Student: 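Have a look at this one.
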Amino acid sequence: MLRRRARWLLMFGALLLAVSSSGSAQTPAPGETRVYATMLQLMRGVLYPASNVIFTAQADDPASFKPALRPSTSSDPFTSAYGGWEAVENAGLALSEEANLLIIPRQCGNGRPAPVKNADWLLWVQELREAGMAAYTAGQVKDADRILEAAGAVADACLHCHQKYRNVPGGMAARCQ
Ligand code: HEC
């Protein structure tokens, strides 16, 4: 009896949640852009994985990766259906595209608005765009020296912005100002 009531409550709760999260105030109109992630989530979920492909290519020859047993579902870009140097090309393109996400107004993890209009922020976003395209080109021509240089440029872009807006005394609460 108790069990049945618990199940009923659970179902009712799920229904309430579905109804409240489909409210019109939260649903963007088709064609409208909408922000879903904080700057912190964007960094962890989007920039970090793409840049790791570029950083790996500095040390390990992209051509040396064997395709995974099932390349089409491999979670490692290097061993996926678009693996090897193509993974480098794609990660370079991803970083340059992701630069666009860094200038869309959103909050940082601490609730402060990210300083996306500041001149120095924009400069470092631009640095990231260019570094991403340098990595893309290095992937296209499969050139180890060029990927080394491009990876350095990517790391510099990350570092420059982090020095001012992330790695600050006062920790998380003091970021993004
Ligand atoms: C234009 C500025 C800017 C650039 C460029 C940038 N970041 Fe960030 N990054 C930030 C800020 C600001 C934070 C702190 C965000 C927060 O706490 O909300 C951050 C946080 C992070 C974090 C999360 C750290 C934590 O506390 O868990 C990671 C990971 C990260 N960045 C990776 C990168 C990488 C990799 C690059 C380069 C490919 C990069 N970022 C480029 C501004 C930048």
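Each ligand, and each atom within it, is numbered from 1 in the order the structure gives. Everything numeric in this text was worked out from a predicted model, so none of it was measured.
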Student: Under a 4.0 angstrom heavy-atom cut-off, which atoms of ligand 1 come close to V125?
Tutor: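 Within the 4.0 Å cut-off of V125, ligand 1 contributes 1 (C).
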
Student: Taking all non-hydrogen atoms of both residues, which atom of P71 and which atom of A68 are closest, and how far apart?
Tutor: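 That closest heavy-atom pairing would be CD-O, 3.2 Å.
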
Student: Nearest non-hydrogen atom to atom 41 (C) of ligand 1 belongs to which of C158, G132, A91?
Tutor: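 Looking at heavy atoms only, the winner is C158.
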
Student: Looking only at distance, does W121 have an N or O less than 3.5 Å from an N or O of ligand 1?
Tutor: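 For ligand 1, there is no N or O atom that lies under 3.5 Å from one belonging to W121.
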
Student: For atom 1 (C) of ligand 1, what is the closest protein heavy atom, and at what distance to 0.1 Å?
Tutor: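 Protein heavy atom with the smallest distance to atom 1 (C) of ligand 1: C161 SG, 2.7 Å.
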
Student: Which of the atoms in ligand 1, numbered in the order shown and given with their element, are less than 4.0 Å from a heavy-atom of Y165?
Tutor: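 Within the 4.0 Å cut-off of Y165, ligand 1 contributes 12 (C).
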
Student: Hey, mind stepping through R106 and L101 against side chain to side chain contact (heavy atoms under 4.5 Å, CB included) and telling me if it holds?
Tutor: CA-CA 9 Å; R106 68 182 73 241; L101 301 178; 4.0 Å; yes

Student: Can a side-chain donor-acceptor contact be found between Q126 and R129 if the only test is distance below 3.5 angstrom?
Tutor: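 Yes, side-chain donor-acceptor contact under 3.5 Å.
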
Student: Just jot down the ligand 1 atoms closer than 4.0 angstrom to any heavy atom of C108, in number order.
Tutor: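 So the answer, numbered in order with elements, is 18 (O).
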
Student: Check this for me - ligand 1, C176, N or O atoms closer than 3.5 angstrom, yes or no?
Tutor: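 In this structure, C176 places no N or O atom under 3.5 Å from an N or O of ligand 1.
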
Student: Taking 2.8 Å as the cut-off, does H162 contribute an N, O or S atom near atom 8 (Fe) of ligand 1, distance below it?
Tutor: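 Yes.
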
Student: Please state which option from R166, E127, M43, Q126 has its nearest heavy atom closest to atom 42 (C) of ligand 1.
Tutor: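 Comparing heavy atoms across R166, E127, M43, Q126, the nearest one to atom 42 (C) of ligand 1 lies in M43.
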
Student: A quick test of your reading: do over 12 heavy atoms of other residues, nucleotides or ligands sit less than 6.0 Å from CD of Q41?
Tutor: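 Yes, enclosed.
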
Student: Where is the nearest protein heavy atom to atom 35 (C) of ligand 1: which residue, which atom, and how far?
Tutor: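 Scanning the protein heavy atoms, the shortest distance from atom 35 (C) of ligand 1 goes to S51 OG, 3.2 Å.
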
Student: Between CG of L159 and CG of N167, what distance do you get to the nearest 0.5 Å?
Tutor: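 Between atom CG of L159 and atom CG of N167 there are 7.5 Å.
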
Student: Tell me the closest heavy-atom pair linking M43 and L102, and the distance in Å.
Tutor: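 That closest heavy-atom pairing would be CE-CD2, 3.7 Å.
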
Student: Of all the atoms in ligand 1, which lie at a distance below 4.0 Å from a heavy atom belonging to L47?
Tutor: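 Matching atoms, with element in brackets: 36 (C), 39 (C), 41 (C).
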
Student: Should R112 and Q177 count as side-chain neighbours, where that means a heavy-atom distance under 4.5 Å?
Tutor: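 In contact.
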
Student: Which atoms form the tightest heavy-atom contact between A151 and F55, and what is the distance?
Tutor: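 Residues A151 and F55, closest heavy atoms: O-CE2, 3.6 Å.
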
Student: Within the 4.0 Å heavy-atom shell around L128, which atoms of ligand 1 are there?
Tutor: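 Those of ligand 1 that fall under 4.0 Å from L128 are 38 (C).
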
Student: Closer than 4.0 Å to some heavy atom of V154 - which atoms of ligand 1 meet that?
Tutor: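 That gives atoms 38 (C) of ligand 1.
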
Student: Going by distance alone, is a donor N or O of one side chain under 3.5 Å from an acceptor N or O of the other, for N90 and Y136?
Tutor: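 No.
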
Student: Name the option, out of H160, Q177, R175, that contains the heavy atom nearest to atom 14 (C) of ligand 1.
Tutor: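 The nearest heavy atom belongs to R175.
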
Student: Which atoms of ligand 1 sit under 4.0 Å from any heavy atom of A157?
Tutor: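 That gives atoms 5 (C) of ligand 1.
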
Student: Where is the nearest protein heavy atom to atom 23 (C) of ligand 1: which residue, which atom, and how far?
Tutor: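 Of the protein heavy atoms, L40 CD1, 3.7 Å lies nearest.
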
Student: Hey, what's the ring geometry for F78 with F65, parallel, tilted or perpendicular (30° and 60° as the breaks)?
Tutor: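 Aromatic pair F78/F65 classed parallel.
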
Student: For T38, state whether at least one heavy atom is located under 4.0 Å from any atom of ligand 1.
Tutor: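 Distance cut 4.0 Å: T38 fails for ligand 1.
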
Student: Just checking R34: does its CZ atom have more than 12 heavy atoms from other residues, nucleotides or ligands closer to it than 6.0 angstrom?
Tutor: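 Buried by this count: over 12 neighbours within 6.0 Å.
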
Student: Around atom 18 (O) of ligand 1, find the nearest protein heavy atom and jot down its residue, atom name and distance.
Tutor: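 Among all protein heavy atoms, the one nearest atom 18 (O) of ligand 1 is G109 N, 2.6 Å.
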
